[in-house]
Amino acid sequence: MVATTVLNHHQRAGGLIHRLRRQEADGWRLKCKPVCASTELELSQWLQSVPWRGERPRAVLANHQTRGQGQRGRRWEAARGGVWISAALPWDSSSGHADMLGLMVALALSERLERKGLPVRIKWPNDLLIDSRKLAGLLPRLVFRGGRLRMVRIGVGMNVANPVPVGAIALRDLLPRGCARRDVWTVEVLRALERIQTLANRPELVRREIEKRLWANQVKDPQSGEIWEIQGLALNGALQLCQGARSASWTRWPDGNHDNL
């Protein structure tokens with residue numbers, strides 16, 4: 001299979017395609033940008049100008065984002081040196097349930113980081129932590145047409161060799177010199193994204209593996225300040241909580257302030 005590259009940044013795109021071919025994973029259509037406001041916006045424009053027909057997955061990559069998009073519309077600047085990707089992947093009824101999309105990506109990426117000996121924890125629902133500091137954030141979206149799930153979109157931001165704010169961490173702080181290279185980890189992220197359709201057909205495995213990697217045993221409700229014990233996950237990805245005889249199920253964080261990368 002030959003990958004089709006939209007050549008905005010020729011050298012980097014060619015290098016990524018070469019790496020993907022070596023791993024027999026060259027089915028991506030890639031669009032590389034030296035700088036953009038947001039890879040999410042660039043992907044939306046690409047899908048509008050070249051309509052989606054269920055073909056090979058696409059991804060927009062940027063060296064630098066000036067207005068990256070996070071959960072609930074939060075904006076942040078993504079500096080050079082990190083991995084900033086927005087991807088669209090085909091999805092059909094045979095691909096399994098997409099309820100746990102973000103958690104599937106979190107698990108697949110955690111597995112690749114763990115191969116390098118990194119002790120990853122997953123902060124429900126879409127963040128990866130190491131030593132309680134944020135390494136990566138995910139932005140999953142489901143795209144429906146006519147009531148049918150047509151594609152999934154996933155934004156990934158991962159700190160590699162970029163400057164990070166207080167409370168975050170980058171791979172260059174964790175790996176030996178020369179191992180925290182942006183292009184290498186771009187390929188790792190793309191390979192993790194490829195794995196989600198396999199995981200979608202194994203929801204029990206995903207739930208079990210995510211529960212092993214949860215970042216905490218307790219969680220504080222940012223609205224009420226109450227402390228809840230984490231019991232695990234439901235098959236739809238909801239966080240199951242208890243407080244004595246009381247129980248609760250979160251499908252998203254209650255409104256509160258949460259840091260981005």
Side-chain angles (χ1 to χ4, degrees), residues 8-9 11-17 19-20 28 30-43 57-71 73-88 102 105-123 126-141 153-194 215 258-261:
N8 287 67
H9 204 201
Q11 187 173 7
R12 186 181 180 206
L16 290 172
I17 293 297
R19 288 182 179 277
L20 289 166
W28 286 88
L30 302 179
K31 185 174 184 179
C32 299
K33 305 286 289 185
V35 62
C36 67
S38 162
T39 56
E40 287 292 303
L41 179 59
E42 291 287 334
L43 180 59
R58 304 183 192 183
V60 176
L61 306 89
N63 294 351
H64 176 208
Q65 293 184 102
T66 59
R67 286 178 59 81
Q69 293 185 23
Q71 291 289 332
R74 294 189 183 90
R75 303 285 182 172
W76 48 283
E77 182 169 357
R80 294 181 185 275
V83 172
W84 321 118
I85 295 177
S86 291
V105 179
L107 174 58
L109 188 52
S110 294
E111 291 172 338
R112 302 197 80 83
L113 289 160
E114 287 165 356
R115 293 177 186 177
K116 304 299 181 181
L118 299 177
V120 185
R121 290 293 175 263
I122 297 172
K123 183 178 180 180
N126 301 316
D127 291 340
L128 299 186
L129 309 181
I130 294 182
D131 296 330
S132 299
R133 298 164 70 185
K134 186 169 178 177
L135 176 69
L138 311 173
L139 181 64
R141 298 180 181 178
R153 290 181 53 163
I154 303 122
V156 180
M158 185 164 72
N159 298 319
V160 179
N162 53 295
V164 299
V166 174
I169 196 167
L171 289 177
R172 68 177 175 187
D173 302 319
L174 301 163
L175 295 174
R177 185 181 181 90
C179 294
R181 294 173 51 193
R182 183 187 61 191
D183 284 358
V184 170
W185 284 98
T186 296
V187 173
E188 291 292 312
V189 170
L190 292 174
R191 295 307 309 271
L193 293 176
E194 290 176 341
W215 83 110
H258 303 290
D259 294 333
N260 288 303
L261 288 172

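- One distance of note links CG of L61 with CG of L30; it measures 6.0 Å at 0.5 Å rounding.
- N63 and P34 get closest at one heavy-atom pair: CB-O, 3.0 Å.
- Judged as a salt bridge (Lys or Arg N to Asp or Glu O under 4.0 Å), and not counting sequence neighbours, R121 has no contacts.
- Within the 4.5 Å cutoff, the side chain of L128 has heavy atoms near those of the S110 side chain.
- Donor-acceptor pairing under 3.5 Å is lacking for the side chains of R182 and N162.
- Across E40 and G155, no two heavy atoms sit closer than the pair OE2-CA, 3.5 Å.
- The side-chain hydrogen bond (donor to acceptor under 3.5 Å, both in side chains) search around R172 returns none, not counting sequence neighbours.
- With sequence neighbours left out, the side chain to side chain contact (heavy atoms under 4.5 Å, CB included) criterion links D131 to no other residue.
- Remark: the backbone N or O of A79 is paired with a side-chain donor or acceptor of W84 at under 3.5 angstrom.
- Judged purely by atom type and a 3.5 angstrom limit, R58 has no side-chain atom pairing as donor or acceptor with the backbone of K31.
- Of all heavy-atom pairs between G102 and N126, the closest is CA-OD1, 3.6 Å.
- Of the listed residues (L129, D173, L171), just one forms a side chain to side chain contact (heavy atoms under 4.5 Å, CB included) with L135, and that residue is L171.
- The closest side-chain donor-acceptor pair between Q65 and T39 falls under 3.5 angstrom.
- Nearest heavy-atom pair, C36 versus A62, reported as atom, atom and distance to 0.1 Å: SG-CB, 3.7 Å.
- Interatomic distance, L41 CG to S86 OG, rounded to the nearest 0.5 Å: 9.5 Å.
- Taking the side chain as every heavy atom from C-beta outward, K123 and K134 never approach each other to under 4.5 Å.
- In this structure, the side chains of L193 and P57 stay at 4.5 Å or more apart for every pair of heavy atoms.
- Between E188 and R191, none of the side-chain N atoms (NZ, or NE/NH1/NH2) sits under 4.0 Å from a carboxylate O, so this pair counts as no salt bridge.
- To the nearest 0.5 angstrom, M158 atom CE is 10.0 Å from L138 atom CG.
- Judged purely by atom type and a 3.5 angstrom limit, N159 uses its side chain to pair as donor or acceptor with the backbone of I169.
- Nearest heavy atoms, P163 versus R80: CD-O, 4.0 Å.
- Closest heavy-atom contact between D127 and G137: OD1-CA, 3.6 Å.
- When side chains are defined from C-beta on, L175 counts as touching L118, because their heavy atoms get closer than 4.5 Å.
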